[in-house]
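Quick caveat, the model's predicted, so the values are computed rather than measured. Numbered from 1 within each chain, the chains take letters A, B, ... in sequence-line order.
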There are 2 protein chains.
Amino acid sequence: MSEVGRDALTVPLVAQHAGVTPSTIYRRWGNLQELLSDVAVERLRPDTAPEAHGTLASDLTAWAEQFLDEMASPAGRAYTRDALLGDPDGSNAGQCSAYAADQINLILSRAAERGEKTPGIETVIDRVVAPLMYRILFRPDRLDAAYARRLVAEVLRPAQPVTS
Amino acid sequence: MSEVGRDALTVPLVAQHAGVTPSTIYRRWGNLQELLSDVAVERLRPDTAPEAHGTLASDLTAWAEQFLDEMASPAGRAYTRDALLGDPDGSNAGQCSAYAADQINLILSRAAERGEKTPGIETVIDRVVAPLMYRILFRPDRLDAAYARRLVAEVLRPAQPVTS
DNA sequence: CGATAGACGCAATGATTTTGCTTTAAAGTG
DNA sequence: CACTTTAAAGCAAAATCATTGCGTCTATCG
């Protein structure tokens, strides 16, 4: 990919670099999309535990900001699309979601150990992860760290009544 | 697509059915993915205005249930993925989001005309559409109408404080 | 009316995808 | 340890697909 670019990548090229016949790759993955889907999941796996800042609010905010940063980048968006793409049974997409859930679970249980009240993991996914991912995929405009911070603040705070 | 199936569809096949040369299609769309992306956006366009039931809660609930139903179906999921796929500049994905936003806007302005208090469109997207789409794409399990109803109920109600 | 730009068909070219057959390597079995 | 079984890979041919240059047609504009 670093040589010919993401778009010009073909199965024969990958095979050549792997010192392998194209048919080997076709038999194992079926097509380039499924191969790239597996690669994408690998690249999207977090390589470090979420930073610990001492409070649930700061931990979750820092995580959300970094998550948005990585996923909204051109590389992150490309990996996410690749992961969704060649994924007939949805297992790769599920894995991506599990990565985020694991990180959040860790943050939540740290907070629980300190005695802080925490929302449920599903709530954090619905209120923080889902809006971030939805906007990254469908509305790439006007996404910034402030938005991530606001989502976290709102999930941790009793929300205000419906307005206007 | 109805003859050979979604996966076996190729540009030459489409060209043959269109009574056209493959090169015509390649020139206009570049590849099959971009063609399917345009088809998907077309299929995802709502063909009717959201039903009116008399209250914001019932309108939004009915809309969310139908939205989930359509988007979570195998066909809906396939179209959504296709729309995201062959979409270099994100305009097709943006269009899909705009469809939902338009429908919701209509529901909200109907409610506003009746004097009901309504949340903002962005809030509804964050709290209803985004969770639904996130789970459809990344976690296809345990999705049902009750979940959609709950999301709508929560966005319309002052939420309870963080628990546990 | 004539000119120009855009789009398509045709056909050739090159690349990719797919498949049958064979070989190799590894794992299990008596 | 020898033998069978299974899975995976190489090889090579065939089929299919993607890409491009060139000529033709149509419509739009001056």
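- Between Leu32(B) atom CG and dT16(D) atom P the separation is 17 Å, expressed in whole Å.
- Atom CZ of Arg45(B) is separated from atom CD of Gln103(B) by 11.5 Å, given to the nearest 0.5 angstrom.
- Per the geometry, CD1 belonging to Ile25(B) stands 12 Å off P belonging to dC17(D), to the nearest Å.
- With 3.5 Å as the limit, one finds a donor-acceptor pair spanning the side chains of Ser37(A) and Asn92(A).
- For dC8(C), its base never sits under 3.5 Å from the side chain of Ser23(B) at any donor and acceptor pair.
- Between the CG atom of Leu35(A) and the P atom of dT16(C) there is a distance of 15 Å, given to the nearest Å.
- Considering only the side chain of Thr21(B), dC10(C) comes nearest among dA8(D), dC10(C), dT16(C).
- Heavy-atom distances to DNA chain C give each of Arg28(B) and Val11(A) a nearest nucleotide, and the one nearer the 5′ end belongs to Arg28(B).
- Across all strands shown, Arg27(B) has heavy atoms under 4.0 Å from base atoms, whether or not it also approaches the sugar-phosphate.
- Between Leu13(B) atom CG and dA15(D) atom C1' the separation is 14 Å, expressed in whole Å.
- Under the 4.0 Å criterion applied to side-chain N and carboxylate O atoms, Asp82(A) and Arg6(A) are assigned as salt-bridge partners.
- In this structure, CG in Leu68(A) is found 11.0 Å from CD in Gln66(A), a value given to the nearest 0.5 Å.
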